[in-house]
Amino acid sequence: MKRWILAAVLVGVCLGGAYEWAALHREREYRDFIDQGEAMLARDDTFAAVEAFSGAIALKPDAMLGYLKRGEAYGRRLALDGPSRDPMRAGELDPAADAAMRDLRRAAELDPLAPRPLELIGDISYSLHRYDRAAERYQAYVALDDRSPRVLYKLGLAQYSAGRVASAIGVIQQALALDDRLAPAHYLLGLCYRDTQKPRQAMLAFQAAVRLSPALLAAREELADVYTRLGRLDAAIAQLDELADLDPGPARHVALGLACARAGQFDRAVATLAGASERYPDDASPYAALGRVWLEKAQPPDRMDVQKAVGALQTAVRTEESSEVLTLLGRAFLLANEPARAERVLQQASARLPVDPAAFYYLAAAAERSGHRAAARRALADYRALQRDAGPPPRPR
């Protein structure tokens with residue numbers, strides 16, 4: 001009898017050891033799959049990462065981590081490839097988004113106190129422009145952990161994108177109270193103040209964003225705009241000058257040149273735009289802006305200024321026959337006292353889409369000077385139909 005008892009104990013010990021060894025082996029394999037998946041994810045190899053995390057889930061289907069990591073991998077694939085644009089799937093989730101959401105919801109079910117799955121669900125919802133749903137998930141995260149400035153910023157961004165600007169302001173201020181060096185949060189706060197017609201508060205927020213992140217171009221753009229609205233033209237020009245240095249291109253130099261013109265710095269405006277036209281000879285915008293500046297300087301008309309405007313705008317038209325550029329050229333011909341040429345150019349401008357409504361206004365003036373009264377009445381009626389609530393542009397002299 002004692003032999004049988006001893007044998008049973010020995011078998012039990014062996015079985016227990018085997019079970020423990022198998023559990024340790026399974027745990028080691030599980031960790032290996034997780035490590036492999038994270039390594040693949042670090043290289044943006046989302047397909048290999050999903051395969052590795054799937055292996056981890058097969059070993060431990062009731063563990064949260066595998067689902068969290070696989071959901072993150074699917075989310076990364078969505079971010080890299082962008083949502084599907086298949087018209088046959090209108091109204092459906094992108095396959096990668098659907099898989100990510102399924103895994104992340106499962107992770108949240110397995111560990112309701114884990115905030116990370118909620119954040120990732122919010123990120124994917126935001127990428128799909130489902131801002132209200134994203135805000136709900138970020139809010140759920142904050143209910144578990146309200147000390148993360150990163151997630152508070154994301155909550156504020158989702159609320160702002162959903163049109164809930166007042167709610168966004170409070171959340172962003174909460175994020176900045178935790179970390180006042182979060183430049184994107186200052187920028188977002190500036191947008192909120194801009195949209196609620198508080199330009200001075202917006203200015204302070206954009207200034208903070210630029211101070212913390214000098215290369216944050218969007219913040220500099222908004223700061224230049226708010227300076228302009230507040231009448232601080234020199235400060236606006238300084239920001240536009242920085243933008244032209246940080247991100248050179250024809251659009252930057254055009255914005256700088258036109259700002260100089262608005263500030264009455266015509267020599268600097270002309271020099272800036274002339275330099276841009278030399279640097280970017282195949283782009284029409286510097287020539288068009290240069291022509292606009294000469295037109296503005298030509299009030300009252302100065303023959304040399306008008307001819308310079310005509311020359312710049314004719315060069316622009318050779319590259320870009322847009323309604324706006326043709327309208328400027330038509331104005332220049334009117335100022336040059338060439339109504340017949342102006343009428344021909346403005347007829348072209350009125351036929352280009354998208355049409356500049358001012359084309360009809362100046363066409364009416366050109367047709368009237370040429371004695372085409374019926375055409376002038378039609379053009380003026382078209383202008384009024386397009387611009388019922390707008391005041392007239394400057395009358396050509």
Side-chain angles (χ1 to χ4, degrees), residues 13-84 93-128 130 133-134 136-155 157-158 175 178-179 181-184:
V13 169
C14 291
L15 289 175
Y19 179 81
E20 184 176 348
W21 180 87
L24 289 172
H25 180 70
R26 185 171 65 253
E27 182 64 28
R28 189 160 49 248
E29 280 190 297
Y30 178 80
R31 288 307 318 176
D32 286 344
F33 276 125
I34 294 293
D35 291 342
Q36 291 170 21
E38 289 182 334
M40 295 300 102
L41 201 55
R43 298 206 295 264
D44 285 332
D45 188 349
T46 58
F47 290 93
V50 165
E51 185 176 350
F53 294 136
S54 296
I57 291 171
L59 286 172
K60 296 179 68 174
D62 294 328
M64 183 272 282
L65 185 60
Y67 293 100
L68 173 67
K69 290 296 183 179
R70 191 170 70 178
E72 184 178 359
Y74 279 125
R76 181 76 62 82
R77 182 183 301 174
L78 181 69
L80 292 172
D81 297 342
S84 172
L93 275 182
D94 180 280
D98 189 33
M101 288 292 199
R102 186 170 55 249
D103 279 347
L104 294 169
R105 289 188 185 116
R106 179 58 178 156
E109 290 172 2
L110 289 169
D111 188 352
L113 297 180
R116 181 63 174 161
L118 301 173
E119 180 183 2
L120 292 176
I121 293 172
D123 291 348
I124 293 170
S125 297
Y126 189 90
S127 73
L128 297 172
R130 299 179 175 184
R133 295 188 186 182
E136 289 175 3
R137 295 302 90 201
Y138 294 138
Q139 189 68 65
Y141 181 112
V142 170
L144 295 172
D145 176 12
D146 63 356
R147 303 295 296 173
S148 171
R150 183 191 72 254
V151 177
L152 285 165
Y153 163 73
K154 289 182 179 182
L155 174 58
L157 180 60
L178 294 170
D179 183 1
R181 298 191 59 78
L182 199 59

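All of these numbers come straight from a predicted model, not from anything done at the bench. These numbers come from the heavy atoms of this one structure, side chains and all, not from hydrogens, waters or symmetry mates.
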Does atom CZ of Arg133 have more than 12 heavy-atom neighbours from other groups under 6.0 Å away? no
NZ/NE/NH1/NH2 to OD/OE distance under 4.0 Å, Glu109 and Arg106: yes
Please say which of Leu110, Leu120, Asp103 ends up in a side-chain contact (heavy atoms from CB on, under 4.5 Å) with Leu68. Leu120
In this structure, are over 12 heavy atoms from other groups packed under 6.0 Å from Glu51 atom CD? no
Salt-bridge contact Glu29-Arg26 (side-chain N to carboxylate O under 4.0 Å): no
Look at the side chain of Tyr138 and the backbone N and O of Gly122, then say whether any donor-acceptor pair between them is shorter than 3.5 Å. yes
Taking only residues two or more places apart in sequence or in another chain, which ones pass side chain to side chain contact (heavy atoms under 4.5 Å, CB included) with Ala58? none
How long is the gap from OH on Tyr74 to CG on Leu104, to the nearest 0.5 Å? 11.0 Å
Arg31 side chain near Leu65 side chain, heavy-atom distance below 4.5 Å: yes
How far does CG of Leu155 sit from CD of Glu119, to the nearest 0.5 angstrom? 11.5 Å
Flag, side chain of Tyr67 to backbone of Arg102, donor-acceptor distance under 3.5 Å: no
Nearest non-hydrogen partners of Arg70 and Ser54, listed with the distance: NH1-OG, 3.0 Å
Take Phe53 and Glu38 through the side-chain contact (heavy atoms from CB on, under 4.5 Å) test and state the conclusion after the steps. CA-CA 9 Å; Phe53 294 136; Glu38 289 182 334; 4.2 Å; yes
Minimal non-hydrogen separation, Ser148 against Leu178, with atom names: N-CD1, 4.2 Å
Taking the side chain as every heavy atom from C-beta outward, state whether Tyr126 and Leu128 have any atom pair closer than 4.5 Å. no
Can you measure from CE (Met101) to CG (Asp94) and round to the nearest 0.5 angstrom? 11.0 Å
